[in-house]
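Following: one structure in structure tokens, then a few remarks.
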Amino acid sequence: MNRGLVSDIVPFSIHDGPGIRTSVYFKGCPLNCRWCHNPESRTGHVHAMVRRDLCRHCGACAVCPMHARGSHGELDVMKCRGCGLCVRLCPAKAVRLCGQVMTPQEVLARVLPDRPFFRERGGVTLSGGEPMAQAEFALALAKCFHEQGIHVALETCGYAPRAAYAAMLPFTDLFLYDWKVSDPAAHRAWTGADPGLIRENLRFLSLQGARIVLRCPMIPGVNDHEEHLRCIGKLTYELAGICRVDLLPYHALGNDKRMQMGLAREDFPVPEANEVERWQAVLSGLSRVPVCR
Amino acid sequence: MRGYFAWDDAHLEDSLEAEFAYTDVYRQYEGRKSLREIRCLQVMLPHVCTPVQEGDLLVGRRVFRPLGVAPSYWNDESDGLDNVSYYADMARLERVMRRESQTEEGRARIAALMDFWRKENVNARVRSAFSEKMRREMPSDLWNRDSGVIFGLYRLVFSQLDYDRLVRLGLTGLKAEVLERMKDPDLDGEGTEFLQALAELTDLLGEILGQYAEALEGKLLSGADRAWILPMLESLQRLRAGAPQTFRDALQLVWFYSALTGGRDFGRMDVYLGDLYVRDLEAGRITEEEVISLLLSFYRLMKDTDSRDGRIVVGGVGRRNPEHADRVAIPILKAGMRFRELKPEFSLRMSPELSEEVRALSMEMLADGMTYPLLFNDPASVRAVEKTMHVSHEEAEQYGFFGCGEYVLGHCSMGTPNDIINLAKALEVTLHEGMDPLRGCPHGLNLGKPEDFDTFEALLEAYRRQVTYFTEIAAEHQKLVYDTVSECGAMLMMSLLMDDCVERAKPLVSGGVRYLAGTYETYGNTTVADSLTAIRRVVYEEKVMSLRELVEILDRDFEGHEDVRQKLLDCPKFGNGEAEADDLARSLNTFVFDTCARQAERVGLSSYLVVVINNGANVDLGRNTGATADGRKAGTFLSNGNNPMAGMDRCGLPAMLRSMAGTEMDRTAGTAQNLKLSRDLFRNHPDVVRDLIDTAFDMGILSLNISVMDPGEMEDAMAHPEMHQNLFVRVGGFSARFVSLDPGTQADMLRRALYG
């Protein structure tokens, strides 16, 4: 049976597509963006997360059969296999498991009670992580929701085989397509992946008539320069499918989750509001479509 | 004494001559309630009026004297409790008596006055008529201080007077109606006396307007700004001669009447101001900006007059002039946004035909963080009122609401909430063999020891019997208040503007009002539901401990048993769309609603309905409630309105709304649903807000109270209160400046989830 690994299902999501949505966060991502604000969705396995502020350092978790836990509550997330023993043993309730294997029907059952809120505009957003890293599961889910008449948005980094996107097209109403770094070398450096496939898939989807919102994380020191904005602007003229650009200014909330995973912080400067306004104004002058944030 | 204005007193309470004269009249007309009341008003009303102040565009500032007759009087500087009908503020009288300047003779005179009113004030008369059960179970009225399951309140508040009739007829027209009615040869003596008193009341009000006019003329002569004084003066002259002719006249008369009545519910303001507004506007007699200035003066008077509530309703079905009403709703709301205060409480009846302009303005007001307007699901509210109050569709269409959102029928019903129950305390005494552990004395029924409840159903049944027992007493108390008021007074000001009183020639609560109803405030509904859900699971299903052991742990406030508390906290909670908790909550609520509703026939009310609201009582009552089995620590606030316990909604907004929609609100006279939403949502996602409200209403939720703020704003306000004087929050049934709330209520607000 088709199953997928989901890190969370979040109702009343209002930043991931139109209207009131429920977001299904897939777990696992082929990219390794240093600013990622959902680091727990990057790992492709179930694992523990530890709230260090609650941890009493009692060492109860050190019995871990995978030796993923230290005697003071430390966690090696890559060793953890999510057996849940430490979750049960922790007296401070400082540990939780992230990730759940679910069938499309189970996801559907979780989402359906929220359906009245979707009304004309809202729906479900497949997000992550990278949904297309579990392409079969993503497709099964999109079909499920589509059959129910629920609006489906796919939030994707674009790094998956073209055939997988082709399969998704009939069941996806809106693509929230990431455009992170325009310069290919810089893209490789900051995300660990080649942007060629991403660019091609974007072109392909546009040619196929997909509705696309380009989602552009703005990371100071990484892509907050005019050249990048010019490239985005150019894309909007080249690709008819792009109907809007969303600027997503960097925020540091991912660091809290990195700490819970036993990872070191990754800090970038948080942009000031007037800086974001400036980007928006500049890009608006270069873009064929509205620029939002 | 007539014609003697309070403003002639340098200090209001330096002289109690008005009080002595009033008391003389009161004694003189013993046994003739209508005549007595009009004579008392004739003495007292001129003394409560105070002069116009700089910037006032309307006359009718008022104060409350230590003695008087009012639907409700309270003094926050003493006990803050309501006093109904003929009230006496002993603390204020005593203060005058103890002044150093007071002579021995003066002291003795005041002491005698106090002795008289101590027994004669209507609150005291109600208490002296208490049944034995009431004496046993309602030993204190201090609900905000003492421990107990039920408490009585004493008031005739929140009636929605027929200001539309007042505006159409004016004082002279109302008098003509009364005189016409008096021609009936079949009227009995009492009826004639009542109508005579009403006619004299219209004269009295006219005379006071005349005195205001004289005072304004005096101001003109002494060189006051003509542009300011003259329009006011001309308006008063018109109002003395007949019905309001202009928008200003209408506003002036409504304010004046309500100020002297002492009631602050303005009902469907868009209806009664709409026609004159449009007429003046189209004739070029007034601009929208001038209307806003007049309304601002109205709102300022409301704010400056001690009062709670102050509701202004706009929108909804059943308006005789929807187009005009929608047009005046715009300046009504715009002035509110400019005023940006906690009063008045704007309320929007959201019907399908709501104008987009009014809707958009209302959303802007909410986005601004004003907590207003309160939103009502209009079609569903009409259906609910029709069903619960057993009235016609046309009558239900005229519903209004008061206080925290309780329904009342516009100018044809009384629904004052005069009893409150702490449901969590009712469970506490049930678990303690009919004892209040805090007071250490018997309270309620002794239905057995914890070990006697060998099944969950047995415990549930005991709890239901306990609630029934207290609810019966409360209903009897509600009726007793009405009966005592009926014996003592006629409530003339209210009677004149309530349907049927003139026609029946009977005072308001003596057979005059069409529907004499009551409401019953319940607190801690969710706390009890969550507690019983946890008890069912931990004690009866998982058998982790006996009920006796659990009660002992609660008595120790979980000391040394944090693990047990954690286990209880982990049990399912109302507000997450989970059947285990929600189903029990629904059945408990329905039981309380129906038990209450059944009392109406038994005690002789047209309806007696639960209101699940909040006025901060969840904090006060929580202070005297021990630890509860939902994991709540002793003394902590109880749940608020129809909401989950603060912080226990763990599954998101849709799940919370599903749970709340599960409560059978259409068996109540109103429930409060509080939402904390982000400013980002309101500013940047108007479509989402629209979908959210429409969906909540489609699910059957009857009303929404919305606080809008930024994440972290409350935390910052606690650290830097001086920077956040304008952070308004909807606590439950009332709005407040966050920084002025007591720490318990602040904690309740903080713990609630912010959505969006």
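Below, all heavy atoms of this structure are taken into account, side chains as well, without hydrogens, waters or symmetry copies. Chain identifiers are assigned alphabetically (A, B, ...) following the order of the sequence lines, protein sequences preceding nucleic acid strands; residue numbering begins at 1 within each chain. Predicted model, so just to flag it, every value in this text is computed and none were measured.
Aromatic ring centres of A/Phe26 and A/Phe137: separated by under 6.0 Å. Remark: aromatic rings of A/His146 and A/His151 are distant, center separation not under 6.0 Å.
In this structure, A/Arg215 pairs ionically with A/Asp16, as a charged nitrogen and a carboxylate oxygen lie closer than 4.0 Å. The residues A/Arg293 and A/Asp246 are annotated as not salt-bridged, no charged nitrogen and carboxylate oxygen being separated by less than 4.0 angstrom.
By number of non-hydrogen pairs under 4.5 angstrom with chain A, the leading residue of B/Leu653, B/Leu657, B/Asp563 is B/Leu653.
Looking at B/Asp698, the atoms closer than 4.5 Å to chain A (heavy atoms on both sides) all sit in the side chain, from C-beta outward. In this structure, chain A has heavy atoms under 4.5 Å from both the backbone and the side chain of B/Asp694.
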